[in-house]
Engineer: 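Here it is, the structure in full.
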Amino acid sequence: MKWFRKEDRDWAEEVYGKICLKMRAEAERVGTDIPYIPENGRYKDMGKEGIHWWINGFWPGMLWQMYHATGEEIYKNTARGVEKRLDEALNHYSGLDHDVGFMWLHASVADYRLTGDEEAKERGLKAAGVLASRYNPAGRYISAWNGNRPGHMIIDCLMNLPLLYWASEQTGDPRFTLVAENHTDTALKYIVRPDGSCNHIVVMDPLTGEYLDNPGGQGYGQGSSWSRGQAWAVYGFALAYKYTGKPEYLDASKRVAHYFLANAALTDYVPLLDFRAPEEPVYYDTTAGVIAACGLILLTELVDSLEKNLYGQGAVRLLRAIEEKHCSWKTEEDGIVDFGSAKYHREADREVPIIYGDYFFIEGILRMTDRDFLIW
Ligand code: GLY
């Protein structure tokens with residue numbers, strides 16, 4: 001049984017009912033297309049535009065979560081269909097980057113964990129090999145992106161690392177875990193700032209491993225505080241602690257969580273896109289809120305009983321505020337959580353429904369209602 005007040009669990013049960021109706025309608029309508037942002041209430045198939053894209057695992061992740069929660073075959077069959085489509089990406093090495101964790105934890109490791117499918121396990125191990133191969137031993141970090149940027153490491157990568165812990169578990173080979181731990185240590189050293197805020201990107205010299213720079217990323221600019229990056233840190237360090245037991249990772253997650261909650265409280269728990277941007281214009285990002293909420297729920301499971309209240313209440317306030325103000329339950333329209341933002345300086349995908357907002361919202365509600373399936 002989790003830490004949550006009865007009234008909040010009752011609320012989450014009610015929301016779960018709405019998720020079931022919405023997801024069933026979407027699964028029937030969307031099928032094995034790969035959704036991102038709905039246009040006029042309809043998703044289009046992003047798989048046709050870029051099969052390697054980091055968001056492509058969230059739809060199968062939502063489907064596997066719903067399969068686990070409901071046992072309904074439509075979710076399993078549709079998720080499998082998307083998983084097979086993603087083979088085109090897995091078989092084309094040069095298009096892959098560090099986000100193979102986001103993609104194949106959701107598409108294949110989830111499948112293997114729920115069904116024991118051996119092909120899914122092979123896909124997961126192959127993706128883990130790709131992720132480990134991006135490790136730079138001079139700087140002890142995983143290189144994020146392609147395009148001649150071998151020195152870039154980013155906060156988001158912490159969420160890819162559970163693929164490596166899983167691969168070590170499966171193979172009995174600790175190398176995957178060592179890579180994950182070394183990367184996490186480097187992120188702790190250079191990405192998390194002393195006040196609990198985080199850089200998005202740091203750049204290392206890929207030959208010497210020397211720290212070079214911390215340019216701006218998807219937030220306002222250098223030295224700002226991109227809220228989704230802070231959310232990745234809350235959840236990512238909590239996961240690192242779960243897998244390694246290293247107390248410095250738990251402390252880092254808590255430190256960033258305190259900073260996140262203090263900022264989110266200022267806007268009634270619908271987070272700004274960047275906590276350290278000019279007062280105007282005001283841009284929100286609900287995806288940061290739902291990701292942080294899932295990280296906070298994990299923290300409630302990792303901390304002592306007297307500490308659970310802070311993280312549990314924080315998670316509930318984020319999820320409730322976002323549901324009240326920004327969720328659409330119309331079954332005839334694709335997309336649940338509105339006001340997600342991919343990037344500060346790009347209007348096209350700012351304050352819109354984004355598939356990963358829906359994924360983390362659903363994960364949070366399933367975890368609040370004891371329908372857990374930790375995909376990470
Ligand atoms: N991992 C990319 C993002 O958070 O937008």
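Whatever order the structure lists ligands and atoms in, that order sets their numbers, starting from 1.
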Engineer: List ligand 1 atoms under 4.0 Å from Gln218, heavy atoms only on the residue side.
Structural biologist: 3 (C), 5 (O)

Engineer: Give me the ring orientation class for Tyr243 and Tyr165: parallel if the planes are under 30° apart, tilted from 30 to 60°, perpendicular past 60°.
Structural biologist: parallel

Engineer: If I apply the N/O under 3.5 Å rule, does Trp232 come out as touching ligand 1?
Structural biologist: yes

Engineer: Could you pull out, from Met159, Arg228, His200, His98, the option with a heavy atom nearest to atom 5 (O) of ligand 1?
Structural biologist: Arg228

Engineer: Using salt bridge (charged side-chain N to carboxylate O under 4.0 Å, His left out) as the criterion, list what pairs up with Arg113, not counting sequence neighbours.
Structural biologist: none

Engineer: Numbering the atoms of ligand 1 from 1, which are under 4.0 Å from a heavy atom of Asp156?
Structural biologist: 1 (N), 2 (C), 3 (C), 4 (O)

Engineer: Looking at Arg175, I'd like to know if its CZ atom is crowded, meaning that more than 12 non-hydrogen atoms belonging to other residues, nucleotides or ligands lie closer than 6.0 Å.
Structural biologist: no

Engineer: Check salt bridge (charged side-chain N to carboxylate O under 4.0 Å, His left out) between Asp205 and all other residues, then give those that pass, not counting sequence neighbours.
Structural biologist: none

